[in-house]
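What follows is a set of notes on a single structure, which appears directly below.
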Amino acid sequence: MTATNGGPKPGSDATGTRPGAGTDPARGDTVSAVVRQWRAVHPDLDTGPMEVIGRINRCAALLQQAEDAPLRRAGLSRAEFDLLGALRRTGHELTPGELARETFSSGAAVTKRIKQLTERGLVERRGDTRDRRVAHVRLTDTGRDLVDGILPEQLAYETAVLSVLDPAGQGELAGLLAELLSRLEGRMSGLRVGAPG
């Protein structure tokens with residue numbers, strides 16, 4: 001957060017007011033209450049970032065708490081389904097390292113998931129003929145059928161979750177999030193807290 005002593009805040013108009021800032025206190029979500037409290041304690045600080053990042057984090061937490069009903073019925077976690085989905089959508093074998101990159105997971109987490117999914121007969125591993133240290137993971141027929149059966153139901157579930165927004169709102173939100181994600185993926189290394197200047 002940035003201090004706002006002096007001139008207008010970055011991204012504000014000539015009056016020093018952020019676009020839409022005047023409507024924030026009237027919102028009924030929990031982040032609005034947090035923002036109001038911080039404004040009372042530190043009126044000199046710009047809480048704008050909190051209004052965006054706080055809401056993204058809160059939405060993510062609520063979605064995780066709610067869990068994914070179709071996945072839960074299939075006995076899968078979201079992380080396990082993401083791994084299976086990566087194998088299905090790429091259409092070929094992947095190494096554990098490639099799966100870690102595809103699913104934004106750590107190597108240790110992927111190794112654990114592969115073991116669990118192998119025990120369930122959903123994936124299988126084979127060693128590389130040229131390098132015994134390398135493993136290749138692929139879907140079994142059972143795993144492919146499970147993914148193909150769950151995906152339409154999972155998408156219908158997610159559609160219902162997002163139905164609180166009209167299609168235009170969903171499209172606008174998707175576009176804004178895509179822009180944010182693209183910029184963060186390209187610049188996040190330069191935003192590390194405590195990085196040498």
Side-chain angles (χ1 to χ4, degrees), residues 30-31 52-165 170 173-195:
T30 55
V31 173
V52 176
I53 295 174
R55 288 188 173 105
I56 290 174
N57 288 339
R58 179 63 175 153
C59 286
L62 287 172
L63 290 170
Q64 290 171 356
Q65 289 173 13
E67 298 183 342
D68 299 292
L71 303 185
R72 189 168 66 249
R73 285 195 293 272
L76 291 173
S77 67
R78 164 61 75 167
E80 290 170 336
F81 183 72
D82 286 347
L83 189 150
L84 295 173
L87 290 168
R88 183 66 175 115
R89 60 185 163 76
T90 58
H92 55 75
E93 296 177 338
L94 295 172
T95 66
E98 290 168 336
L99 281 167
R101 289 190 292 273
E102 287 285 338
T103 60
F104 311 104
S105 304
S106 69
V110 166
T111 297
K112 180 179 179 181
R113 289 169 199 146
I114 290 172
K115 182 177 184 296
Q116 294 169 334
L117 295 171
T118 299
E119 291 171 352
R120 292 183 59 181
L122 301 176
V123 303
E124 56 188 13
R125 298 169 53 118
R126 70 168 183 85
D128 190 288
T129 56
R130 293 173 296 181
D131 188 342
R132 296 175 59 185
R133 297 169 299 177
V134 177
H136 298 271
V137 183
R138 62 185 174 193
L139 285 175
T140 62
D141 290 343
T142 301
R144 185 185 63 250
D145 291 344
L146 180 62
V147 172
D148 289 349
I150 290 176
L151 185 59
E153 188 179 357
Q154 180 63 23
L155 289 172
Y157 172 81
E158 293 176 357
T159 297
V161 169
L162 292 173
S163 65
V164 294
L165 298 175
Q170 291 182 36
L173 178 60
L176 290 171
L177 290 173
E179 180 179 0
L180 176 62
L181 180 59
S182 176
R183 291 177 181 272
L184 289 179
E185 287 178 337
R187 298 177 56 197
M188 204 62 202
S189 60
L191 298 176
R192 289 176 185 158
V193 175

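Remember, predicted model here, so these are calculated numbers, not experimental data.
- Arg113 and Thr103 share no donor-acceptor pair across their side chains, judged by distance under 3.5 Å alone.
- Of the options Thr95, Leu117, Ile114, a side-chain contact (heavy atoms from CB on, under 4.5 Å) to Val137 is made by Ile114 and by none of the others.
- The two residues Val164 and Val161 come nearest to each other via the heavy atoms CG2-O, 3.8 Å.
- Contact of the Val134 side chain with the His136 side chain is registered, since non-hydrogen atoms from C-beta on lie closer than 4.5 Å.
- Side-chain atoms of Glu124 do not come within 3.5 Å of backbone N or O of Thr118 as any donor-acceptor pair.
- Ion pairing of Arg78 with Glu158 is present here, as a side-chain N (NZ or NE/NH1/NH2) and a carboxylate O approach within less than 4.0 Å.
- Between the OG1 atom of Thr159 and the CG atom of Leu155 there is a distance of 6.5 Å, given to the nearest 0.5 Å.
- Using a 4.5 Å heavy-atom cutoff, the side chains of Leu87 and Val147 are not in contact.
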Dump the intermediate steps for side chain to side chain contact (heavy atoms under 4.5 Å, CB included) on Tyr157 and Leu71, then the final yes or no. CA-CA 10 Å; Tyr157 172 81; Leu71 303 185; over 6 Å; no
Step-by-step side chain to side chain contact (heavy atoms under 4.5 Å, CB included) determination, Leu180 to Ile56: CA-CA 11 Å; Leu180 176 62; Ile56 290 174; 3.8 Å; yes
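- Nearest heavy-atom pair, Leu94 versus Ala86, reported as atom, atom and distance to 0.1 Å: CD1-O, 4.1 Å.
- Contact record, Val110 with Ala100: CG2-CA, 3.6 Å, taken as the closest heavy-atom pair.
- Interatomic distance, CD1 of Ile150 versus CG of Asp145, reported as 11.0 Å (0.5 Å rounding).
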Pair Arg88, Leu84 - check side chain to side chain contact (heavy atoms under 4.5 Å, CB included), show working. CA-CA 6 Å; Arg88 183 66 175 115; Leu84 295 173; over 6 Å; no
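- In this structure, Leu139 CG and Asp148 CG are separated by 9.0 Å, a value rounded to the nearest 0.5 Å.
- Under the rule for a salt bridge (charged side-chain N to carboxylate O under 4.0 Å, His left out), the partners of Glu93 that lie at least two apart in sequence or sit in another chain are Arg126, Arg138.
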Assess whether side chain to side chain contact (heavy atoms under 4.5 Å, CB included) is satisfied between Val31 and Asn57, documenting all intermediate values. CA-CA 10 Å; Val31 173; Asn57 288 339; over 6 Å; no
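- Glu102 meets the salt bridge (charged side-chain N to carboxylate O under 4.0 Å, His left out) test with Arg89; sequence neighbours excluded.
- Side-chain atoms of Glu80 come within 3.5 Å of backbone N or O of Ser77 as a donor-acceptor pair.
- With a 4.5 Å cut-off on side-chain heavy atoms, Asp82 and Phe104 do not count as touching.
- Side-chain atoms of Thr142 never come within 3.5 Å of backbone atoms of Leu122 as a donor-acceptor pair (strictly under, hydrogens ignored).
- Listed by chain and residue number, nothing satisfies the salt bridge (charged side-chain N to carboxylate O under 4.0 Å, His left out) test with Arg125 (two or more places apart in sequence, or in another chain).
- Scanning both residues, Arg120 and Leu76, for their nearest heavy atoms gives NH1-CD2, 3.4 Å.
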